[in-house]
Every structure is written in structure tokens, then in C-alpha cells.
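Structure record follows, encoded as C-alpha cells.
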Amino acid sequence: MSEGLLETAAAPSPEGFRQDALVMKDVRVTLPTGKGLLRIIRDATFHVAKGEIVALAGESGSGKSTSIMAALRLLPPGARVDGTIILDGQDVLAMPRRELRGLRAKRARLVFQDPWRSLHPMKRIGAQLVESARTADPSLSREAARELAERMLARVGIPEPASRMDSYPHEVSGGQSQRIVIAMALVAGPSVLFCDEPTTALDVTTQAQILELLRELNRELGLSIVIATHDLDVISDLADRLVVMYAGEVVEAGPTAEVLSRPRHPYTWSLLRSAPGSHEPGERLHTIEGRPPGPAESPAGCAFAARCPSVHEVCLSTRPEPRPVAPGRSAACLLTEGYGPITAGARDE
Ligand SMILES: Nc1ncnc2c1ncn2[C@@H]1O[C@H](COP(=O)(O)OP(=O)(O)OP(=O)(O)O)[C@@H](O)[C@H]1O
Ligand SMILES: [Mg+2]
């Protein structure tokens, strides 16, 4: 646990930030866009302890992918990142490019939504796994890398891994491809795995299997996992903690079960009400009216005020800061400061 972070109330460790797999503190991201330089992430603060699974949740455009890309310094040219980012004990914003490439090849690996983005269509699966292993550890012999690759293919549930090594990516299904991409990350011996909507492109059954695989890898290898998703149902059983993002800000963070059973931010509450899993079949799905402010808009008060079922006058003019609301939990809502009930839901009835 890291001193100064809000979402957990545990005592800071003597080593501070270095104990965590990832620390994002007051991170601001500005990207060049068609409308000029725009602030995409505003003062985002959260951490991922070693061996923890943390989900970044929020609607499309809330800044989940940008946060992940900032953590790995994979943002497009012209991007500006301020604040503090400590990944696997390394100060990402101060690292030379070469070391950063090493970190991404070995210790901190990224799995995209679309497995084809990570696989070379013209190279055999085995060759790609061997390359990944040997880039991470150049001292590894070709034979040892092949042996490791086969072992990891078996581990992620690929049948007949030895013969699969000779296949090309187009010869396997989408679910199998995503398993292969995870194996490609595993052969590098990572400590942190970033998964950006890793199952969105897959059917429901395959999705559940991949999530189960991630959970197993987390338990067996102590792998820390950061998973971005807009679907709360996906992560309710998987993530230890939840970081809810809205319009480029962290609005709520805390242990998943607590956040889901008793949200402390009206956005989390609305998001839960709109999740298919919270409804009986045939029941009308609640939708959150309106849309979030885009990066070019900068409301004076709370970014969620225009859509909030519990909005108060003060919310339109005062920007809420994340503050502790319970042990290990934070929320950026003025209602938590005593302005009124959190789940009034007046517009929703
Ligand atoms: N390269 C870029 N250039 C300009 N704007 C960008 C770029 N990448 C993201 N954005 C903007 O930043 C905001 C956050 O986008 P981001 O992709 O991080 O959201 P997200 O939460 O991952 O959404 P989704 O669920 O759709 O993947 C959006 O308004 C998006 O339009
Ligand atoms: Mg995204």
C-alpha cells in the first residue's frame, strides 16, 4: 500500500510505492486530437497491489484504455503524461525508452481485446511464442524457449500444444487465439498483465473460460492483473478491487464485492442498474440517460451532475475530489460529504 493513496486505508509499507504492481497517482493525460490538445485523464489515482486483480470499469470513452496505455507509456506521439506512474517498481515516466521496451517485453505485458492485433498472420504460432520468450530472456536457448512455449500453450488450455506450434494464427478459433496471446505473455515471465477488454470479442462461454483462466493464473503465479471492461458482470467474480472511471476521472474505488453491493457514487449505482446481470430475464433494462461530457467539455462542477439521479445545486459548481468513504474505499461525490442520500434515484422511478 502506498502513502497518499486514497482508496485504501491500510498503513503504508516501509517500501511505499515499490510494494505495488502498479501505482497511478494524480495522473493527467493530454492527447493531441482534431480539436487540439485535450485532457483525457484527470488526476487519476489508484493502485494495484502485487498479486491482485483490479478492474477498470466505466462506459465507452471513460479512459480505461488510455489509463492502461499511459501506464505502459504506449500513447501516441504528442501525448503528455503528468503525475506519478510506478510499474513493477519502476518509475515509468522517468525511464529511458530502451529500458521501457524491456519492461514491456518481460515484466508488464498487454493483452488486447482483439487477439489478431497481437499475432503476426504470416508466422507460425510456435515461432511467435519462441520470439516472445527470447526477447524477454535472450540467454534462453531456442530449444528451451520451445519447451517453455509448449508448456505454456498446455497451461492456457490449448489441446495438442506440440502440433499447434506449427499452426498459423488463422487456423485457430478466436477463443484459442486469445489463449495463445496469453501464453505469449506468460512465456516472458511477467509480473503484471494488462488486459484491455480481453473477452469482448468472444462468445459468452469462451468469455467465461478465459476469465477463469486469468483467475487461475493469478492464483498459481501470483500474477497481478489489470483488466479494463465496460461490463460489470464480467468482473464481479474476477476482480479483487474495482476502479470505476467516468469521463477520465476515477469516481469510485474499493473491494469489488463492497462496491457492487453498496456503491458510494451515483455513477456506480447507475452503472449497476444498467448491467444486464442485475435484471431478471424480460425485465426492462435501466439506461443512464444522456451521455458523459467529452474531453473538449469541462463542466465546472461534478462531471456526472448532468446525469445524476441525486444531483444537488452544489454539484453544478463544485468539483468533487476522491475521498475515503470507508476502510479501503474512496468516492468522488459531494453526497458522501453530507449533501444528501446517495441513491435517491428520483429520475429513475
Ligand atoms: N489517440 C487518441 N486521440 C485522441 N483522442 C483519443 C485517443 N484515444 C482515446 N481518445 C479519447 O479519449 C477518451 C477516452 O478514451 P479511451 O479509449 O481511453 O476510453 P475507454 O474507456 O477505453 O473506452 P472503450 O470502452 O470504448 O474502450 C475518449 O473520449 C476518446 O475519444
Ligand atoms: Mg478501451
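Just so you know, these numbers use all the heavy atoms, side chains as well, and skip hydrogens, waters and symmetry mates. Note that ligands are numbered from 1 as they come in the structure, with each ligand's atoms numbered from 1 the same way.
Polar contact with ligand 1: absent for His230 (N/O pair, distance under 3.5 Å). Looking at Pro295 next to ligand 1, no N or O pair under 3.5 Å apart turns up. Checking only distances, Gly58 never comes within under 3.5 Å of ligand 1, N or O to N or O. Annotation: Ser62 places an N or O atom under 3.5 Å from an N or O atom of ligand 1; distance criterion only.
Applying the 4.0 Å criterion to heavy atoms of Thr66 picks out, from ligand 1, the atoms 9 (C), 14 (C), 15 (O), 16 (P), 18 (O). Below 4.0 Å from some heavy atom of Thr33 lie the following atoms of ligand 1, by number and element: 4 (C), 5 (N).
For Leu31, every heavy-atom contact with ligand 1 shorter than 4.0 Å involves the side chain, none the backbone. When heavy-atom distances to ligand 1 are checked against a 4.0 Å cut-off, Pro76 comes that close only through its side chain, counted from C-beta outward. Within the 4.0 Å heavy-atom criterion, both parts of Ser60, backbone and side chain, lie near ligand 1.
For the pair Glu59 and ligand 1, a heavy-atom separation below 4.0 Å is found. Note on ligand 1: Glu197 sits in its first shell, one or more heavy atoms being nearer than 4.0 Å.
Screening Arg146, Arg124, Lys123 for a salt bridge (charged side-chain N to carboxylate O under 4.0 Å, His left out) involving Glu131 leaves a single residue, Lys123.
A donor-acceptor pair shorter than 3.5 Å cannot be found between the side chains of Arg273 and Ser270. With hydrogens and angles left out, the side-chain atoms of Glu252 and Tyr246 include no donor and acceptor closer than 3.5 Å. At a cut-off of 3.5 Å, with distance as the only test, a side-chain donor of Arg179 or Gln209 sits close to an acceptor on the other residue.
Residues Leu31 and Pro76 form a side-chain contact, since some pair of their non-hydrogen atoms from C-beta on lies under 4.5 Å apart.
Distance from atom 12 (O) of ligand 1 to its nearest protein heavy atom, with residue and atom name: Ile40 CG2, 3.1 Å. For atom 25 (O) of ligand 1, the closest heavy atom belonging to the protein is Lys64 NZ, 2.8 Å. Ranking protein heavy atoms by distance to atom 14 (C) of ligand 1, first place goes to Gly61 O, 3.3 Å.
The environment of CD in Glu160 is sparse: at most 12 heavy-atom neighbours from other residues, nucleotides or ligands sit within 6.0 Å. Under a cut-off of 6.0 angstrom, the local environment of CZ in Arg262 is sparse, with at most 12 non-hydrogen atoms contributed by other residues, nucleotides or ligands.
For atom 27 (O) of ligand 1, the candidate residues are Ser65, Pro292, Pro293; the nearest heavy-atom contact is made by Ser65.
Between Arg215 and Asp240 there is a salt bridge, since a side-chain N of the basic residue sits under 4.0 Å from a carboxylate O of the acidic one.
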Where do Phe304 and Ile288 land on the side chain to side chain contact (heavy atoms under 4.5 Å, CB included) test, with the steps shown first?
CA-CA 11 Å; Phe304 189 57; Ile288 313 177; 4.2 Å; yes
For Lys64 and Asp196: C-alpha separation, side-chain torsions, deciding distance, then whether salt bridge (Lys or Arg N to Asp or Glu O under 4.0 Å) applies.
CA-CA 8 Å; Lys64 305 177 296 289; Asp196 194 352; over 6 Å; no
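Between His170 and Tyr168, the ring planes are parallel. Angles under 30° get that label, and only those over 60° would be called perpendicular.
The nearest N, O or S atom of Thr66 is not closer to the Mg ion (ligand 2) than 2.8 Å.
Within a 4.0 Å radius of atom 31 (O) of ligand 1, the protein has no heavy atom.
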